[in-house]
Structure formats: structure tokens, C-alpha cells
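First the structure, in the form of C-alpha cells, and then the observations on it.
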Amino acid sequence: MKPSISSILGTYKYISKNTTNKIYVRKWFSNEEFFYELAYFVAKIMGDGHLSKNLGSCSFSDENQSSIEKLQKLMIKYFGLDKNQFKIRRVEAWGKSWKLDVFDSLFSRLLYVAGAPKGKKVETPFHIPKWINKNNKYSLVFLQGILEDELTTVKIENKNYAVGLQFKMAKMEDLLPKHYLFMRQIKKKLEDLGIECGNLSTIRSNKKAKTWDVYFAIQRNKRNIICFKENVGFRLESPKKKLLFKTCKILQKTLQ
């Protein structure tokens, strides 16, 4: 079932008139484009994003500042957020160099009722929400969002061959059975779009970690990589998307 105004209001202990009015002023739930964008941001939270446990704020991380700024513009355009509700900052932790903080509790609650996990993702099981999973249009933009964050970079490794692509996400050991279900969902969505994938595998994140990585490969043969670009690819204009385009251009020439 799609998220709705009533599902957002259900997250509040006390509902003020201003809360309801703000939803209507922002024109949420008014068209299909809104749900399309919402599916994308649910995926971004599952990827390199974070939704605070108290639903007071959320954040998005990326190696590229321009990608962060583009996400900000999308939220302003489609969700009616104000520019003063954002903070862009440089960070050094976790290998991500830019972070976008969003201080809007109403938007955070929207993401939560739409299926985005809150708190630490390695300690929280999640899946592709049903309202996204059963709709091909929403599913595609969801895939693009999470693969932008979690798929290894596509590039030429040796002459005319691309590197092997891997989709990997970590979870606490006791949550692995539920995590496998989510990873199978992603894998099946890709395979339904004609993309050949390898088997699911598991490895401890590192010797001291309490988490395990579950991963699978997108087969690296040339036609499969090109198929990935044409049928899924990345949505956000970024260095990662440009590299995918450049790689496939080289691969395409070798097939002629």
C-alpha cells in the first residue's frame, strides 16, 4: 500500500494543525511524479543515506559535492523543502567526503512510512517496499538510487574489458536471513531487466567486525555491462555515471 497523509500523521503522538497544513501546502501525494521521486529517495536512504532514529532529520553522503547539491535541488523541487533546512559539509569518515543534512521532521517521517529504515542500517532489516516492488517505474528508479551508492564503479580494467561489478551490503549476523531476502529482491529486479548476475555470497566484513557482507556480481561480459547501462544505469549526473557511459562506449566499439 502506498504511503499517505494518514500514514504520516500516524507517526505523531500529537498532531498539530500546522503539520497537516504543511503537507497540503507542499502538495504531497498529488501526482505520480511525487511517488517516483519518493521511491528514489527511499533507495538513497538504504544506500549511503541515514534516517535518524527519532525521525527528526536525515542525511545523504557522496564522494562528489555536485552530486550532493543535485540531491538538494531534487528535494526542494519535488518535496517543497526550503534551502535553509539543509547543511552541506565536508567529512572524512567512512570514505565519503561530502554530507547533506536535512533538518525536516515531516520529510523524514515521509521517508519512514514509505519504507526507509531508521537508525543504524546494519542493525535494521529492510526490504523493497511493496508499493515500489510491484510497480516497474518505481522499481527502476529505486534500483538506480541504491546502485548509485552501493555498486562498485564501472570502468575499463584492461584494454577493452570492464572491471567486475559487485553489489554489496553489510548486516549483523543475526539478521542475515532477512538480509538475504532483500539482496535476492535486488538481484531478481536486475535479472528481470535482462542483466546476468552471479550467486549470492557472504563474507565477514573484516576480522574484528560483527557484521557480514552479502554480495553478488553483475557479470562482466561486454554485452551484459552494456545491457546494464541501457536498461538500468544511474540516474544522478555524476562522475560514476560518466564513467559508465565512457566504458560502454569503448565496449560497444569492440563489438562492431
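Heavy-atom basis, side chains included; hydrogens, waters and symmetry copies ignored. Note that this is a predicted model, so its numbers are computed, not measured. We count residues from 1, following the sequence as given.
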- Compare all side-chain heavy atoms of Arg26 with those of Leu106 and state whether any distance is below 4.5 angstrom. yes
- Message: Ignoring hydrogens and geometry beyond distance, is a side-chain donor-acceptor pair present between Gln185 and Tyr180 at under 3.5 Å?
- Response: no
- Only one of Lys189, His127, Lys188 passes side-chain hydrogen bond (donor to acceptor under 3.5 Å, both in side chains) with Asn133; say which it is. Lys189
- Does any donor atom in the side chain of Glu196 or Asn224 lie under 3.5 Å from an acceptor atom in the other side chain? no
- Report the C-alpha separation of Tyr78 and Leu38 in whole Å, then their side-chain angles, then the decisive distance to 0.1 Å, and conclude whether the side chain to side chain contact (heavy atoms under 4.5 Å, CB included) test is met. CA-CA 9 Å; Tyr78 293 104; Leu38 183 56; over 6 Å; no
- Query: Any side-chain heavy atom of Ile146 within less than 4.5 Å of one from Met169?
  - Reply: yes
- Task: Using distance alone, with no hydrogens and no angle criterion, decide if Ser52 and Asn54 have a side-chain donor and acceptor under 3.5 Å apart.
- Result: yes
- Item | OH-CD distance between Tyr138 and Glu37, expressed to the nearest 0.5 angstrom | 11.0 Å
- Do Leu190 and Cys197 come close enough that some side-chain heavy atom pair is under 4.5 Å? yes
- Could you check whether the rings of Phe35 and Trp131 sit parallel, tilted or perpendicular, using 30° and 60° as the cut-offs? perpendicular
- Query: Phe167 vs Phe216 aromatic rings, parallel, tilted or perpendicular, using cut-offs 30° and 60°?
  - Reply: tilted
- Task: Determine, stepwise, if the pair Phe34 / Phe79 fulfils ring pair (Phe, Tyr, Trp, His ring centres under 6.0 Å).
- Result: CA-CA 8 Å; Phe34 167 84; Phe79 299 102; 5.6 Å; yes
- Between the side chains of Asp213 and Ser205, does any donor sit under 3.5 Å from an acceptor? yes
- Task: Decide whether Trp212 and Tyr215 are clustered together by the hydrophobic rule: side chain heavy atoms of Ile, Leu, Val, Met, Phe, Trp, Tyr closer than 4.5 Å, transitively.
- Result: no
- Item | Lys210 vs Glu123, salt bridge (charged side-chain N to carboxylate O under 4.0 Å, His left out): CA-CA, chis, key distance, verdict | CA-CA 10 Å; Lys210 295 180 180 180; Glu123 299 176 359; over 6 Å; no
- Query: Do we get Lys240 above Phe234's six-membered ring, with its NZ or CZ under 6.0 Å from the centre and within 45° of the axis?
  - Reply: yes
- Task: Measure the acute angle between the ring planes of Phe107 and Phe41, then classify it against the limits of 30° and 60° as parallel, tilted or perpendicular.
- Result: perpendicular
